[in-house]
Amino acid sequence: MKALTREYAARIREYLEPEFAVAESEIQFTIPPNRRYGDLSTTLPFVLAKRMQKKPIEIGRRMVSILSGRFAPMAEVSLAGGGFLNFTLDRRHFLRYLLDTRERRPAARDKRIVVEHTSINPNKAAHIGHLRNACLGDTLARSLKYLGYPVEVQNYIDDTGIQVADVVWGLLHMLRMSPEEICRIDDPAALLWELYAKVSRHLSADPESEKARNRVHQAIEERREPEYGVADWISSRVLEDHIRVMASIGIRYDLLVRERDIIELDFFARAARIMEQKGILYASSDPEKQGCKVIHYRHEDLEKVVIRSNGTATYIAKDLAYTFWKVGRFSEEFPFREFCRYDDGRVVLTTDFRGGDETRDFGPAQRVFNVIDVRQSYLQNIIAQVLEDLDPDGAGGHPFVHFSYEMVALTPRCVRELELPLSAEDENKPWIEVSGRKGIAVKASDLIEQLTVRSREEVDKRNPDLDESSRQDIAVQIAVGALRYFMIKFNARAVIAFDFKDALAFEGDTGPYLQYTLVRLNSILRKLDREAETFVRTDTDPTRLEPAESAEFFDLLLQLADGDNRIESALENQDLSGIANHAFALCQAFNRYYHGYPVVNEPDPMLRSLRIQLLLLVRERLGRLLWLMGIPVPTRM
RNA sequence: GCUCCCGUAGCUCAACGGACAGAGCAACUGACUUCUAAUCAGUAGGCUGGGGGUUCGAUUCCCUCCGGGAGCGCCA
């Protein structure tokens, strides 16, 4: 559609040139809200009114008389609403164009992109907050791939932090387990889920145990046994669990980057040298920060401590080092080895300072997306500032993007349903922040399980003829569809106040609605068997459609044609909900159409062919949108 | 105190500065001997938090006030 509108803009500019000085880029088309305004619209008369000191309506009238009947694809031109220039497309030409370009995808681009997402601390099971992150990150990565970029998906593993020490201390000293016993735990993620909350409560109540925990943390950092071995075992097993859970909803990673390796390979020292050379990192002159090295954050005029007065690095240091590596600010490389494989054999690589025999087939990124919730904005903004300072007149825009989104919280009702403690104060809050530390959260695996059980009930009701395993497969696909759509459909800047009632819904604005739409569409095309595809080439005449059908028919075509614009603007706005909204609107329009007009049973061959062509176009587009969101398409439901 | 975000129908949310502010849920009324009713059609529901401004045009941009949230550590 972009190619088409660009061509139209060029032609219009050419025709108007004798009387109106217009740049091609000023001729922007939108799809008007109603077919009675035509198919494409531009506000050109408004734009020129100011410049020419004339009324928009006069300019518009003149343009209509110049453009009327000038070139065929823009069949009609009219003026409405005081200055909207509305065009009606040649229906036959437009339909043919869409059929011919049906499988066209955006051209490949060479800007390499790294998307970092998920990045869950490996000391407990994943929860709904992490699911939002992973679903957004995965759809972001898929969208970028669809638009033609080479994309590598990285998952950052903070395996040296205090949270891992918390649970190691808990296992060794609260539960008094031996390392051998710990290695026999069969579901560590779930056990640690409970334990982490317990440890956190204990530590905040008892300063002595906090000291003991700190000794454990130090032991891990100094690679002393048994603490180090236990920490390594735990973080690896929990990480495997996260990867397995995410794989179950269609989310995959190319590379795991472990914080331990960044520390062992001393990447931060290299990053620090670069920053010091450029004066970005410097010794603070603030008496309170004597002996510290800091970065000045301009937006809030604050000095952020990066190296403490005792010479150790703060949290942001590792993130800076990691980011520098991502964008190739220094040439040192990690050793890589295989961490695990997906069912189809695809390998997930991990960094490993001890060495590895795998190579990573992906160079430094020209652009980095960090999918991290809004609470990390402060640090992420500092990193963005540093990267821009290092390359002030860098071509190609910002190399570092904090792909920010709001947190997931629980409604008070949800907390009550989970039988978690709820203070009187929390009772009146609009929502309660999710916290793995406090154990206030819905575990990802539990939510997926509940969704599967719920969808299984519906599947059983509707498909009694299917065997057990087919019904279960479908139930799982529907559960995944419901979950992934739910995590994408909200504006990224909106807090999701999680509630089981909304999340377990399968009707209306939900993933299953989209799935159902495509399943039905597919089942019609299946009735036509292989014959269906041949209709792409059939010469049809859409002017044969009755006006009511024609309006709906072209409504759908215009929405389809606008798809890539919607994907691009979702990325520009850093808000993927646009993709979900677009898919939902498309399904609504299709379901309405489908309800009114038979396809297979239509006796008139021309109408039948037209409707089949529409179905093929919707299938192509909708299938793509569902793929972008990671929503599977069952064979029936 | 400083920085950022949010406020739209009873509830949950849409609307590149554009045309009469749209959906879903809930409520009510209808449509299955018909390509899947996880669907569709219809009714009802709005001073888009208040007040100024910019604009041909403001839910959208600017200012201000009110209400809600998050972040601001030599924690991670």
Side-chain angles (χ1 to χ4, degrees), chain A residues 28 30 32-34 36-37 41 43 45-46 49-50 55-57 80-84 86 121 158 160-164 259 284 288-294 297 299-302 304-310 312-316 318 373-379 381 404 406-407 409 429-431 433 455 458-459 461-463 478 482 489-491 493-497 499 501-502 505-510 512-517 519-521 523-528 565-566 569 572-573 577-578 580-581 584-585 587-588 591-592 594-602 611 615 636-637:
Chain A
Q28 297 288 345
T30 55
N34 191 303
R36 70 191 152 94
Y37 295 127
S41 176
T43 54
F46 290 122
K50 176 172 275 179
K55 286 187 177 159
I57 199 146
F84 292 95
N86 296 328
N121 289 333
D158 184 357
T160 63
I162 204 95
Q163 344 76 25
V164 174
E259 186 166 284
S284 176
E288 282 182 17
K289 290 176 177 143
Q290 206 173 24
C292 294
K293 290 189 177 169
V294 299
Y297 178 48
H299 183 68
E300 294 188 57
D301 191 22
L302 293 170
K304 172 68 194 166
V305 173
V306 181
I307 301 177
R308 303 184 186 96
S309 51
N310 68 7
T312 58
T314 62
Y315 176 68
I316 193 174
K318 295 156 206 163
D373 84 48
V374 66
R375 289 169 295 185
Q376 294 274 352
S377 290
Y378 174 50
L379 297 182
N381 288 343
S404 171
E406 261 290 358
M407 62 180 172
K429 285 187 175 174
W431 57 68
E433 204 168 326
S455 68
E458 299 295 323
V459 172
K461 246 189 278 177
R462 290 155 218 256
N463 302 277
I478 291 167
K489 75 181 226 183
F490 300 102
N491 181 313
R493 274 174 290 277
V495 174
I496 296 181
D499 196 309
K501 181 176 73 67
D502 299 328
F506 295 148
E507 287 170 15
D509 187 9
T510 66
Y513 175 83
L514 308 193
Q515 292 173 310
Y516 183 69
T517 305
V519 164
R520 280 204 306 194
L521 193 161
S523 96
I524 300 171
L525 291 174
R526 203 175 303 123
K527 285 193 167 55
L528 297 164
N565 291 335
R566 300 292 296 263
S569 69
E572 276 165 31
N573 303 336
S577 65
N581 298 153
F584 179 62
C587 286
Q588 277 188 308
N591 282 328
R592 195 178 307 131
Y594 162 92
H595 200 261
Y597 304 100
V599 181
V600 178
N601 302 328
E602 172 57 48
R611 290 170 192 166
L615 256 55
R636 54 182 279 191
M637 61 190 278

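Below, read A as the first sequence line, B as the second, and so on, with proteins coming before strands; counting in each chain starts at 1.
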> Looking at A:R520, does any N or O in its side chain come under 4.0 Å of the phosphate oxygens OP1/OP2 on B:U39?
Replying inline: no
>> So for A:S309 and B:C74, does any side-chain atom that can act as donor or acceptor lie under 3.5 Å from a complementary atom in the base?
In response: yes
> Do the side chain of A:S41 and the base of B:A19 come within less than 3.5 angstrom through a donor-acceptor pair of N or O atoms?
Replying inline: yes
>> Expected output check: what is the dot-bracket annotation of RNA chain B, where ( ) and [ ] are pairs inside the strand (brackets for crossing ones), | is paired with another strand, and pairs are Watson-Crick or G-U under 3.5 Å?
In response: (((((((..((((....[...)))).(((((.......))))).....(((((..]....))))))))))))....
> Are OP1 or OP2 of B:A31 and a side-chain N or O of A:H595 less than 4.0 angstrom apart?
Replying inline: no
>> Side chain of A:P430, heavy atoms from C-beta onward: which of B:C6, B:C25, B:G69 has the nearest atom to it?
In response: B:G69
> How is A:E300 classified with respect to the nucleic acid when contacts are heavy atoms under 4.0 Å: base, sugar-phosphate, or nothing?
Replying inline: base
> Hey, does the side chain of A:Y516 come within less than 4.0 Å of B:A38's phosphate (OP1/OP2), counting only N and O?
Replying inline: yes
> Are any of A:R308's side-chain N or O atoms less than 4.0 Å away from OP1 or OP2 of B:A76?
Replying inline: yes
> Which part of the nucleic acid, if any, lies within reach of A:K289 when heavy atoms closer than 4.0 Å are counted: base, sugar-phosphate only, or nothing?
Replying inline: base
> What nucleic acid atoms does A:N565 come within less than 4.0 Å of, heavy atoms only: base, sugar-phosphate, or nothing?
Replying inline: nothing
> If you round to the nearest 0.5 Å, how far is CG of A:N581 from CZ of A:R566?
Replying inline: 7.0 Å
>> I'd like the C1' distance from B:C32 over to B:C40, given in whole Å.
In response: 11 Å
>> For the P atoms, the ones on B:A14 and on B:G52, what distance do you get once it is rounded to whole angstrom?
In response: 28 Å
> Can you tell me how far P in B:G18 sits from the matching atom in B:U33, rounded to whole Å?
Replying inline: 46 Å
> Mind checking whether A:Y378 and A:Y297 have ring centres under 6.0 Å apart?
Replying inline: yes
> Taking atom C1' of B:C35 as reference, at what distance in whole Å does atom CG of A:L521 sit?
Replying inline: 10 Å
> What integer number of Å spans the P atoms of B:G22 and B:A41?
Replying inline: 16 Å
> Over how many whole Å does the gap from A:L514 atom CG to B:U39 atom C1' extend?
Replying inline: 13 Å
> A:I524 has an atom CD1; how far is it from atom P of B:U36, in whole Å?
Replying inline: 7 Å
>> Checking A:S404 now: which residues fulfil side chain to side chain contact (heavy atoms under 4.5 Å, CB included) with it, not counting sequence neighbours?
In response: A:V374, A:S377, A:H402
> Hey, does the side chain of A:K489 come within less than 4.0 Å of B:C25's phosphate (OP1/OP2), counting only N and O?
Replying inline: no
>> Regarding B:A19, can its base be found pairing with the side chain of A:N86 as donor and acceptor, where the two atoms are less than 3.5 Å apart?
In response: yes
> Would one find a side-chain N or O of A:N310 under 4.0 angstrom from OP1 or OP2 of B:C74?
Replying inline: no
> In whole angstrom, what separates A:R375's CZ from B:A76's P?
Replying inline: 18 Å
> What's the CD-C1' distance between A:Q588 and B:A23, to the nearest Å?
Replying inline: 6 Å
> Do the side-chain N or O atoms of A:S377 get closer than 4.0 angstrom to the phosphate oxygens (OP1, OP2) of B:G71?
Replying inline: no
> Does B:C40 have OP1 or OP2 sitting under 4.0 Å from an N or O in the side chain of A:R592?
Replying inline: no
>> Can you tell me if A:R462 touches the phosphate of B:A37, counting only side-chain N or O atoms and a distance under 4.0 Å to OP1 or OP2?
In response: no
> Base, sugar-phosphate alone, or nothing: which one does A:Y297 contact when heavy atoms must sit under 4.0 Å apart?
Replying inline: nothing
> Considering heavy-atom distances to RNA chain B, does A:E433 or A:Y37 have its closest nucleotide positioned more toward the 5' end?
Replying inline: A:Y37
>> Just the rounded figure in Å: distance from P of B:A70 to CH2 of A:W431.
In response: 8 Å
> Do NZ/NE/NH1/NH2 and the carboxylate oxygens of A:D499 and A:K501 come within less than 4.0 Å?
Replying inline: no
>> Regarding A:L379, tell me which of base, sugar-phosphate or nothing describes its non-hydrogen contacts under 4.0 Å with the strands shown.
In response: base
>> Between B:C6 and B:G49, how far apart are the two P atoms, rounded to whole Å?
In response: 12 Å
>> For a side-chain contact (heavy atoms from CB on, under 4.5 Å) check, start with the C-alpha distance between A:I478 and A:M637, then their side-chain angles and the critical distance, and finish with the verdict.
In response: CA-CA 9 Å; A:I478 291 167; A:M637 61 190 278; 3.8 Å; yes
> Expressed as a whole number of Å, how far does the C1' atom of B:A58 sit from that of B:C63?
Replying inline: 15 Å
> A:N381 has an atom CG; how far is it from atom C1' of B:C5, in whole Å?
Replying inline: 13 Å
> Looking only at side-chain N and O atoms, does A:N491 come under 4.0 Å of OP1 or OP2 in B:C6?
Replying inline: no
> Among B:A70, B:A37, B:A19, which nucleotide sits nearest the side chain of A:Y594?
Replying inline: B:A37
> Tell me: CD1 of A:I316 to C1' of B:G73, nearest whole Å?
Replying inline: 12 Å
